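Everything below concerns the one structure shown next.
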Amino acid sequence: MAELRQTPTSLCCCRKSSPTSGTRVLAGPGPGSPQRPLVDVASASNFRSFQLRHFHLDLRLNFAVKEMSGWLVLDLVPVQLGVCSLVLDSHPSLLIHSIDYKVPGTGQDEPVSLTYRVDPFTDFGSSLNISLPAGAVKLGRLIQITIRYTTTDGPAIWWLDSELTCGRTRPLVFTQGHSVCNRSFFPCFDTPSVKSTYTATVRVPDGVTVLMSASQSSFSKADRVFQFCMEFPVPSYLVALVAGELQHVDVGPRSRVWAEPCLLSCAVKKLGGSVERWLAVAESLFGPYLWGSDFLLIDVIHEIAHAWFGNAVTNATWEEMWLSEGLATYAQRRITTEAYGEAFTCLETVVRLDALHRQLRLLGDNNPVSKLQVKFDHGVNPSSLMNLFTYEKGFCFVSYLSELSGDVQRFDAFLRDYILQFQFRSVVAQDLLDLFLHSFPELSPDCQREGVEFERWLSGCGPPPYEPNLSAGTALIGPVQDLCDLWTTSEPPDPARLDTFDLSSWSTFQIVLFLDRLLDASPLTPSVMAALSSQYAALFARLNAEVEVRWLQVALRSSFHPEEPRVRSFLQKHTSRMYTVPLYEDLAAGTMKGVAVEIFYQTQHRLHPNLRRTLQQILFPGGTAPALPVVPPSPPCSAPPQQPPAATSPASALRNVNVSA
């Protein structure tokens, strides 16, 4: 993992030097204050009744039993009259041991025990209802709530046994809170509408290093205690932890790569000095980096963009997730344009917009999931909204705003103002649009300018009403389509016509676009598949997982059985949703469903609970998985073996594209 570092001993995942002079943080209501939503249907909490000033986690990690145990302290200020309970988001996997409270500054010596109950909420969480004594709750007066608890097998926490790590010597644990998983890590106001600072104390066995998404850190070697402090307000889903055998190498004046020792040199080689370069470009576009801090490089650039769009300024509800992902995608492409040129950015954008239109063909233009403002009912997991529309339709809307502004540099300046106005706050779409119209008054409704159609963008189904001009990428995109045309016929092309295409010199995005367009034309004939395999399979096997998964999908949909061992090897090695779901769908839709079931039982203990449920639904629709013995997993291999099978299946509807630059 790449981090942005503060000091040589820093163990945090995001970094910032002391705030530069002149930086403004809006701390209270006033002109330009964001509009706060009345409800968040994905949260059971009564977050509007309190101001969360700060919270502290004190945890001990037990790798032997895969538990985190300790306590959470919440600093809360009631902001509504008549509040008699505190309701937090929780999860059935959290075991609550006790809850008490204190009122600082009142001479109260001992904490007072509180009664509580846990109620069902949705399949992704529960509600923790804590009764508050009437005398304890006064408007504007700070109270401290302490919750002692233990985590078990929740969706936010991934425990990896040592044999499942790269080094195979020590276990590893990490958390992933987006969108609503962190309620299984600690009880919280699990809504992006609430931000606060936090501190953490983490106690671990010898040989384990802990990192957190914090801005400061320290470590006591004698008692194996790590201390963390996040001095900038963040939503609950951004609290993250990883612990295991981790080492680091500095790759820039303020950036560092952390990884298992066996992966570190590869990570450093890929990232090198690139992180600092991307940061410098991003800062020139969007203002100072607020947090201090050729793998899948676009992923890293996208996460750098999130430092401004998503982390500093956050969507207040998950129903407007595009405010984070659409703006971050736009910012990511501004960074790559400056760093790699417009042609590269246009190529990457074509890959993603192709995927968006592929998704629309599957779902239909009237599917409500294609809206930017998606209204979902109680019980709907916001993670189900993580799709290409939030990224790519959101990106197109931001590009449309840039086009309306008349000049990309003027729009860059607007985005800097947006960050300055709302940093460390949560916003709704209207906040962005109000500031936009204030910054560009010639576009206000009073001007009756044709083409300003915000409501159509936000509430309309279907494809983006506007897409940016990508003609600057023609030199890179044209050869891809020419080669695709040669292979999407009933017979293999004349080898002489292939001599002008050297795929070894193509970028990863060009190869991904080529395979995506072959997927659109699948199934291919047996003779074409045999020739394709002979021509390119060895090259594809040497490239990254984004290339390999697409080639395997082409093979499966074309019933090309010689690739079956490689499919098995790939699914044994990769447990990411974006790679596993497409292949399981293609396997289950054809004659190879038995192979998919076998692989599932071999790997299910390594899968995230949400992914495990998704694969069960693919393999065993309408019922539960049969109770079969668990097959011991095959050891991961560095080079996939040769050969067999396939199946035809619908494309994976909601898969994002992450490929290296």
Side-chain angles (χ1 to χ4, degrees), residues 1 3 12-14 40 42-45 47 52 54-57 59 61 66-68 70 72 74 88-94 121-128 147 149 151-160 172-200 202 210-215 228 230 232-243 291 293 299 302-303 306-307 309-312 314-318 321 323-325 328 380-386 390 424 426 576-577 607-611 656:
M1 71 190 70
E3 67 150 346
C12 311
C13 296
C14 57
D40 181 342
S43 174
S45 69
F47 65 91
L52 175 60
H54 182 82
F55 68 88
H56 176 75
L57 285 167
L59 299 172
L61 308 191
K66 299 181 179 178
E67 288 182 352
M68 299 184 187
L72 163 74
L74 299 166
L88 299 173
D89 291 300
S90 187
H91 193 274
S93 63
L94 286 186
F121 178 58
T122 64
D123 64 356
F124 55 85
S126 54
S127 66
L128 175 59
I147 303 172
Y149 72 100
T151 70
T152 58
D153 185 23
I157 305 172
W158 293 41
W159 295 91
L160 299 183
L172 184 141
V173 63
F174 66 93
T175 67
Q176 204 286 321
H178 198 286
S179 306
V180 290
C181 290
N182 262 359
R183 60 191 67 185
S184 68
F185 182 15
F186 56 95
C188 55
F189 292 139
D190 202 2
T191 168
S193 185
V194 174
K195 292 187 173 186
S196 77
T197 58
Y198 79 88
T199 50
V202 185
V210 184
L211 307 175
M212 288 193 74
S213 53
S215 54
F228 300 94
M230 171 52 86
F232 308 107
V234 294
S236 58
Y237 76 87
L238 285 181
V239 179
L241 175 150
V242 60
W291 307 96
S293 39
D299 278 359
H302 187 81
E303 294 311 313
H306 268 313
F309 306 100
N311 298 359
T314 307
N315 47 280
T317 77
W318 295 117
M321 206 179 301
L323 280 169
S324 290
E325 298 301 347
V380 174
N381 191 326
S383 296
S384 64
L385 300 179
M386 287 292 291
T390 61
F424 308 125
S426 298
S576 168
R577 174 180 291 268
L607 304 176
H608 188 280
N610 290 345
L611 175 58
N656 293 322

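Worth knowing before you read on, the calculation uses all heavy atoms, side chains too, and leaves out hydrogens, waters and symmetry mates. Position 1 is the first residue of the sequence; numbering continues from there. Computed from a prediction, not measured in an experiment: that's the story for all the values here.
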Derivation of the side chain to side chain donor-acceptor pair (under 3.5 Å) call for Asp153 and Ser93:
CA-CA 6 Å; Asp153 185 23; Ser93 63; over 6 Å; no

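- With sequence neighbours left out, the ring pair (Phe, Tyr, Trp, His ring centres under 6.0 Å) criterion links Trp158 to Phe174, His608.
- Note on ring orientation: taking the six-membered ring where Trp is involved, the planes of Tyr237 and His178 are perpendicular (angle over 60°, cut-offs 30° and 60°).
- Inter-residue side-chain proximity for Leu59 and Phe186 is flagged as unmet; no heavy-atom pair is nearer than 4.5 Å.
- Proximity of Leu238 to Met230: side-chain heavy atoms (C-beta onward) are nowhere separated by under 4.5 Å.
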For a side chain to side chain contact (heavy atoms under 4.5 Å, CB included) check, start with the C-alpha distance between Leu94 and Leu128, then their side-chain angles and the critical distance, and finish with the verdict.
CA-CA 10 Å; Leu94 286 186; Leu128 175 59; over 6 Å; no

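- Side chain of Ser213 to main chain of Ala240: a donor-acceptor pair is present (N/O by atom type, distance under 3.5 Å, no hydrogens or angles).
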Please lay out, stage by stage, how Val239 and Phe55 fare under the test side chain to side chain contact (heavy atoms under 4.5 Å, CB included).
CA-CA 11 Å; Val239 179; Phe55 68 88; 3.8 Å; yes

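- Counting heavy atoms from C-beta outward, His54 and Thr199 have side chains that approach closer than 4.5 Å.
- Contact check for Asn311 versus Val234: no side-chain heavy atoms found under the 4.5 Å cut-off.
- Looking only at side-chain heavy atoms (C-beta outward), Phe228 and Leu241 stay at 4.5 Å or farther from each other.
- Taking Asn315 as the reference, Ser324 meet the side chain to side chain donor-acceptor pair (under 3.5 Å) condition, with sequence neighbours excluded.
- Counting only heavy atoms from C-beta outward, the side chains of Thr175 and Met68 approach each other to under 4.5 Å.
- Here the side chains of Pro192 and Asp40 are in contact, with some heavy-atom distance below 4.5 Å.
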